[in-house]
Amino acid sequence: MTKTALNFIGGKWQPARSGATFETRNPATLEMLAYAAQSDADDVADAVAAAKTAFREWRLVPAPRRGEVLYAVAHLLEERKEELSRLMTQEMGKVLSEARGDVQEAIDMAYYMGGEGRRMLGYTAPVEMPEKFGMALRDPAGVVGLITPWNFPVAVPSWKMLPALVAGNAVVWKPSEETPGVAASFVQVFHDAGLPPGVLNLVLGAGPAGEALVAHPDVRVISFTGSTETGLKVYARAATMGKKVALEMGGKNAIIVLDDANLELAVKAITWSAYGTTGQRCTATSRLIVQRGILRALTDALAEKASMLRVGYGLEEGVEVGPLVNQKALEKVEKYVAVGREEGATLAFGGTRAGDTGYFYAPTLFTNVSRNMRIAREEIFGPVLSLVPVDSLEEAVEVNNSVAYGLSSSIFTENINQAFRAIRDLTTGIVYVNHGTTGAEIQFPFGGTRGTGNGMREAGQTALDSFTEWKAVYVDYSGRLQRAQIDNRE
Ligand code: NAD
């Protein structure tokens, strides 16, 4: 029997008010998986109203108690990890081991943010007058709207909803239309963990549901992860209403390989970062910036390693590269491979579809790419790597920093001086040394510069910033009108 994924509003599973649905399909087998609620502005309004009501009580629950709900979420996620991971592979295609990693990030985040329930640190500082006390506290923002992509269907939402919830906010979540089943199962975990009705609401659907969430006057914060194109639209709309917005958008991440790099290590890291999750990680490596002395050896070793990758259905044992998420993604990859050929880059390997059914594409490498080619500047979001040769560390850093995005970068060198110069000069939000561009840990800030973000960060000590407002409190216990008030300071 075909399943139906429903909205979760005010603690109840329900179809879209209009009754509209959309279908989801397995990108590897193309079999139909489920119908899902196709929500519109009416459903969003119901969810926001439920969140607004629930916020009144949730913000008063002591933060350590809210943290305990998150610990219960972590335990349940551990129990349901396999079930969620398998569903994820079926819905969006990443191989099972990667899907498990996706769920594990949410588990890590739930423990980390559960602990925040007993920290949520503010501060005190000396004040200018006698018998007066000053402190700064974090307040929840209110009803927050989350809009997320399909490529990390559990991890990315968890980076948003766990800090939002522990801080005392109520949430309305609009996940990607590619992964409604995983989204519903994830929300069920929070319900089963004892989160009160209305504190977390799920509205399934596509762009219009996201637009309605952004435009709703009672939603004070929008936290968005997705493409730069959509993110900038969200930003522009939210700005007209004076909302706080956190954006995590596209990338064009690079690995720099210098002549003195450990070749074997570099090749392993490149293969995993470029072709893992079929190149559809936000931190995936899509550019290689290689010093000329190691160019030949690196290209040969990479071709050999890539030829051994097993492309196929992610639920099958031994498969390392799954399908692209949908037909549109496949067509985009095909388009960029054609662009690369027209621009005069050399197709070293790949460049074709793989398999008969499903949206599979062979791991692909273009060499002799110049920094100005479109395949070296634009996000392709597939298993296509563009190799730009350079002469020096300085040139490598300049090429890395010259694109419109700035999420993650990496350098392979055995020379500590070169490594530290790169750390100083690379202008991405995440920098790795002798490691691929993927694998961020939740206890550090996550996000990017330039076209990747708007200066906000997720996770780490910055996790609460998007979802809280600072409140400065002054307590005068002198019993008289002191000079600061007479001076009429701001
Ligand atoms: P997308 O922009 O197509 O969709 C993202 C979300 O926005 C979806 O939920 C979608 O339904 C919603 N949406 C679409 N139109 C909207 C509108 N007009 N108003 C409001 N919401 C709208 O992105 P995607 O294809 O789901 O994800 C892939 C992209 O996400 C890539 O560009 C990737 O780099 C990026 N990404 C970035 C990070 C990061 O942390 N920087 C992480 C993961 C993915």
Side-chain angles (χ1 to χ4, degrees), residues 22 24 27 36-41 44 91-94 102 105 145-160 172-180 182-183 202-216 219 222-238 243 245-253 277-286 324-330 332-333 378-382 403-408 428-430 437-438 440 442 445-459 462 466:
F22 63 98
T24 59
Q38 183 71 280
S39 309
D40 59 23
V44 169
E91 274 196 335
M92 55 67 68
K94 68 169 76 172
D102 193 314
E105 271 195 44
L146 314 182
I147 301 175
T148 55
W150 49 267
N151 66 335
F152 279 91
V154 170
V156 165
S158 81
W159 299 345
K160 300 180 189 300
V172 178
W173 176 32
K174 209 300 282 172
S176 167
E177 53 274 39
E178 301 292 344
T179 51
V182 176
L202 174 71
V203 180
L204 300 172
E211 273 174 42
L213 187 56
V214 174
H216 198 295
V219 177
I222 293 289
S223 180
F224 170 89
T225 299
S227 64
T228 300
E229 191 190 352
T230 311
L232 293 182
K233 277 189 215 157
V234 165
Y235 205 18
R237 180 70 182 100
K243 296 188 182 197
V245 181
L247 300 171
E248 296 293 342
M249 304 182 285
K252 191 72 187 173
N253 313 295
T277 318
T278 326
Q280 301 172 111
R281 287 170 175 242
C282 44
T283 51
T285 303
S286 62
L324 288 152
V325 69
N326 56 28
Q327 178 74 27
K328 207 171 137 206
L330 179 66
K332 188 175 178 196
V333 167
E378 297 175 16
E379 184 179 57
I380 302 172
F381 225 54
V403 293
Y405 302 105
L407 184 55
S408 180
T428 49
I430 306 166
T437 51
T438 64
I442 55 99
F446 183 93
T449 58
R450 297 190 285 276
T452 296
N454 64 339
M456 305 297 285
R457 291 291 185 273
E458 298 192 311
T462 47
S466 298

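One-based numbering, in listed order, for ligands and for the atoms of each. All values below were derived from every heavy atom in this structure, side-chain atoms included, with hydrogens, water molecules and symmetry-related copies excluded.
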Asker: Look at ligand 1 and say whether Ala209 reaches it with a heavy atom at a distance under 4.0 Å.
Answerer: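 Ala209: no contact with ligand 1 (<4.0 Å).
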Asker: Is any side-chain heavy atom of Ile380 less than 4.5 Å from a side-chain heavy atom of Ser286?
Answerer: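 Contact flag for Ile380/Ser286 side chains = no.
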Asker: Lys174 to ligand 1: N or O pair under 3.5 Å?
Answerer: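 N/O-N/O distance under 3.5 Å: yes.
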Asker: Which residue and non-hydrogen atom of the protein lie closest to atom 34 (O) of ligand 1, and at what distance in Å?
Answerer: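 Ranked first by proximity to atom 34 (O) of ligand 1 is Glu379 OE2, 2.7 Å.
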Asker: Report yes if some heavy atom in the side chain of Phe381 is under 4.5 Å from a heavy atom in the side chain of Asn151; otherwise report no.
Answerer: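 In short, these two side chains touch, coming nearer than 4.5 Å.
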Asker: What is the closest protein heavy atom to atom 13 (N) of ligand 1, and at what distance does it sit?
Answerer: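 Nearest protein contact, heavy atoms only, for atom 13 (N) of ligand 1 is Thr230 CG2, 3.6 Å.
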Asker: Measure the distance from atom 27 (O) of ligand 1 to every protein heavy atom, then report the residue, atom name and distance (to 0.1 Å) of the closest one.
Answerer: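 Going atom by atom, the protein heavy atom closest to atom 27 (O) of ligand 1 ends up being Pro149 CB, 3.2 Å.
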Asker: Indicate the ring-plane relationship of Phe152 and Trp159, choosing parallel, tilted or perpendicular according to the 30° and 60° boundaries.
Answerer: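 Because their plane-to-plane angle is under 30°, the rings of Phe152 and Trp159 count as parallel.
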Asker: Could you name the option among Gly205, Gly226, Ala212 that has the heavy atom nearest to atom 35 (C) of ligand 1?
Answerer: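 Looking at heavy atoms only, Gly226 sits closest to atom 35 (C) of ligand 1.
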Asker: Need the ligand 1 atom indices (1-based, order shown) with element for anything under 4.0 Å from a heavy-atom of Thr148.
Answerer: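 This gives 6 (C), 8 (C), 9 (O) as the contact atoms.
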Asker: Side chain, backbone, both or neither: which applies to Glu177 and ligand 1 if a contact is any heavy-atom pair less than 4.0 Å apart?
Answerer: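 Answer for Glu177: side chain.
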Asker: Around atom 24 (P) of ligand 1, find the nearest protein heavy atom and jot down its residue, atom name and distance.
Answerer: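 That would be Trp150 NE1, 3.4 Å.
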Asker: Which atoms of ligand 1 are found less than 4.0 Å from any heavy atom of Cys282?
Answerer: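 Contacts of ligand 1 toward Cys282, numbered from 1: 36 (N), 37 (C), 38 (C), 39 (C), 40 (O), 42 (C), 43 (C), 44 (C).
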Asker: Can you confirm whether Pro175 sits close enough to Leu202 that some side-chain heavy atom of one is under 4.5 Å from a side-chain heavy atom of the other?
Answerer: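 The answer is yes; the side chains approach within 4.5 Å.
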Asker: Do any non-hydrogen protein atoms sit less than 4.0 Å from atom 9 (O) of ligand 1?
Answerer: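 It does: a protein heavy atom is found less than 4.0 Å away from atom 9 (O) of ligand 1.
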Asker: With a 4.5 Å cut-off on side-chain heavy atoms, are Val154 and Glu105 touching?
Answerer: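 When only atoms from C-beta onward are counted, Val154 and Glu105 do not touch, as no gap falls below 4.5 Å.
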Asker: Would you indicate which of Lys252, Glu248, Arg457 comes nearest to atom 39 (C) of ligand 1 when only heavy atoms are counted?
Answerer: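 Looking at heavy atoms only, the winner is Glu248.
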Asker: Are Val234 and Ile222 close enough that some pair of their side-chain heavy atoms sits under 4.5 Å apart?
Answerer: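 Touching, per the 4.5 Å side-chain cut-off.
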Asker: Return yes if some donor-acceptor pair links the side-chain N/O of Thr452 with the main-chain N/O of Met249 below 3.5 Å, else return no.
Answerer: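 Looks like no, no N/O pair under 3.5 Å.
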Asker: Within the structure provided, determine whether Pro27 and Glu178 are in side-chain contact (heavy-atom separation under 4.5 Å).
Answerer: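 A side-chain contact under 4.5 Å is absent here.
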Asker: Check each atom of ligand 1 against the heavy atoms of Asn151 and keep those under 4.0 Å away; list them by number with element.
Answerer: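 Heavy-atom distances to Asn151 below 4.0 Å select 43 (C), 44 (C).
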Asker: Check each atom of ligand 1 against the heavy atoms of Phe446 and keep those under 4.0 Å away; list them by number with element.
Answerer: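 Those of ligand 1 that fall under 4.0 Å from Phe446 are 40 (O).
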Asker: Provide the number and element of each atom of ligand 1 under 4.0 Å from a heavy atom of Ser176.
Answerer: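 Per the distance check, 9 (O).
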Asker: Within a distance under 4.0 Å of any heavy atom of Gly210, pick out the atoms of ligand 1 and give their elements.
Answerer: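 So the atoms of ligand 1 that pass are 19 (N), 20 (C), 21 (N).
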Asker: Go through ligand 1 atom by atom and flag the ones less than 4.0 Å from a non-hydrogen atom of Pro175.
Answerer: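 Per the distance check, 9 (O).
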Asker: Given 3.5 Å as the limit, does a donor-acceptor pair link the side chain of Ser223 with the main chain of Leu146, or not?
Answerer: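 No, because the side chain of Ser223 does not come within donor-acceptor range (under 3.5 Å) of the backbone of Leu146.
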Asker: Out of curiosity, is Phe381 lining ligand 1, as in a heavy atom under 4.0 Å away?
Answerer: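 So Phe381 counts as touching ligand 1.
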Asker: Counting C-beta onward and ignoring hydrogens, is there a side-chain heavy-atom pair between Trp150 and Gln280 closer than 4.5 Å?
Answerer: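 With C-beta onward as the side chain, the pair touches.
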Asker: Considering Arg281, Glu211, Met249, Glu229, which one's heavy-atom position lies nearest to atom 19 (N) of ligand 1?
Answerer: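 Closest candidate by heavy-atom distance is Glu211.
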Asker: Distance to 0.1 Å, residue and atom name: give those for the protein heavy atom nearest to atom 12 (C) of ligand 1.
Answerer: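 Going by distance alone, atom 12 (C) of ligand 1 is nearest to Ile147 CG2, 3.7 Å.
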Asker: Do Asp40 and Pro208 come within less than 4.5 Å of each other through their side chains, counting heavy atoms only?
Answerer: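 In short, these two side chains do not touch, never coming nearer than 4.5 Å.
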Asker: Less than 4.0 Å between a side-chain N and a carboxylate O, is that true for Lys94 and Glu91?
Answerer: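 Here Glu91 does not pair with Lys94 in a salt bridge, since their nearest N and O are not under 4.0 Å apart.
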Asker: Could you list the atoms of ligand 1 found under 4.0 angstrom from a heavy atom of Val234?
Answerer: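 In order of numbering, the contacting atoms are 19 (N), 20 (C).
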Asker: Heavy atoms only: which of Ala206, Gly453, Ser227 lies closest to atom 29 (C) of ligand 1?
Answerer: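 Checking each option, the heavy atom nearest atom 29 (C) of ligand 1 is found in Ser227.
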Asker: Between the side chain of Lys252 and the main-chain N/O of Glu379, is any donor-acceptor distance below 3.5 Å?
Answerer: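 Checked: no pair found.
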